[in-house]
Amino acid sequence: RASFYRNYNSKDEVMETALRDMLQDMADGSENLSQVYKKSHVQRCFELFAKYENILMEIYSSGFGLKILEALNSYYEQVAGDMPANSKERFSLYVFAGSLYNTAMTWLKDGRGEEAHEVAEVFCDSIGIS
């Protein structure tokens with residue numbers, strides 16, 4: 001308990017650290033948007049959602065699911081780099097991140113009845129990733 005208070009100033013910091021760790025795992029091999037919009041990246045995301053299931057579900061069930069979505073948005077904004085605020089690419093990026101978030105959280109809440117690769121397949125088919 002003492003080390004918790006020595007290392008973190010708030011519950012938000014704990015959540016941010018956990019999400020940052022997950023996103024660092026996600027980052028390998030996804031340096032640009034062309035790599036993000038690939039089935040291999042989507043499958044890796046679902047594998048990571050499964051790996052981080054406990055912390056993600058704690059965050060979500062505590063009413064802080066928006067923190068997860070904001071972290072995903074921020075991650076993909078960094079991957080995309082500079083783009084105009086009104087660009088179609090930016091809106092596509094948010095559609096991707098939001099869809100990924102909603103699909104992943106539903107999958108986790110439902111107990112992961114399907115394998116990560118199966119969910120990734122459905123996700124990619126749904127948004128037109130071949």
- Query: Roughly how far, to the nearest 0.5 Å, is SG of Cys124 from NZ of Lys38?
  - Reply: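 These two atoms lie 12.0 Å from each other.
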
Heavy-atom closest contact ([X] atom, [Y] atom, distance):
X     : Y     : result
Ala97 : Asn73 : CB-OD1, 3.3 Å
Met22 : Leu48 : O-CD1, 4.2 Å
Ile55 : Ala18 : CG1-CB, 3.5 Å

- Would you say the side chains of Asp21 and Tyr52 form a donor-acceptor pair under 3.5 Å?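 Side-chain D/A pair, Asp21 to Tyr52: absent.
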
- Task: Consider only side-chain heavy atoms of I, L, V, M, F, W and Y, link residues closer than 4.5 Å, and tell whether Phe64 and Tyr75 are in one cluster.
- Result: yes

Under 3.5 Å donor-acceptor pairs involving side-chain atoms of residues 100-110, not counting sequence neighbours:
| residue | atom | partner | partner atom | Å |
| --- | --- | --- | --- | --- |
| Tyr101 | OH | Gly65 | O | 3.3 |
| Asn102 | ND2 | Gly98 | O | 3.1 |
| Thr103 | OG1 | Ser99 | O | 2.7 |
| Thr106 | OG1 | Asn102 | O | 2.9 |
| Trp107 | NE1 | Glu114 | O | 3.0 |
| Lys109 | NZ | Tyr60 | OH | 3.1 |

Is [Y] close to [X] at the side-chain level, that is, under 4.5 Å between some pair of heavy atoms?
X     : Y      : result
Tyr76 : Tyr94  : no
Leu93 : Val79  : no
Val95 : Ile127 : no
Leu19 : Leu56  : yes

- What pairs of residues pass the salt bridge (charged side-chain N to carboxylate O under 4.0 Å, His left out) test when at least one of them lies in residues 85-107, not counting sequence neighbours? none

- Task: Could you name each residue pair satisfying salt bridge (charged side-chain N to carboxylate O under 4.0 Å, His left out) that touches residues 61-87, not counting sequence neighbours?
- Result: Asp12-Lys67

- Message: By the side-chain hydrogen bond (donor to acceptor under 3.5 Å, both in side chains) test, which pairs, at least two apart or in different chains, include something from residues 115-130?
- Response: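 For residues 115-130, and leaving out neighbouring residues, the side-chain hydrogen bond (donor to acceptor under 3.5 Å, both in side chains) pairs sorted by first residue read Lys39-Glu121.
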
- Query: Can you list the residues that meet the ring pair (Phe, Tyr, Trp, His ring centres under 6.0 Å) rule with Tyr37, with sequence neighbours excluded?
  - Reply: Phe96

- Item | Test side chain to side chain contact (heavy atoms under 4.5 Å, CB included) applied to Arg44 and Asp25, step by step | CA-CA 9 Å; Arg44 173 126 174 86; Asp25 270 357; 4.1 Å; yes

- Partner residues of Glu53 under the side chain to side chain donor-acceptor pair (under 3.5 Å) criterion, sequence neighbours left out: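 Counting only residues at least two positions away or on another chain, Glu53 forms a side chain to side chain donor-acceptor pair (under 3.5 Å) with Arg112.
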
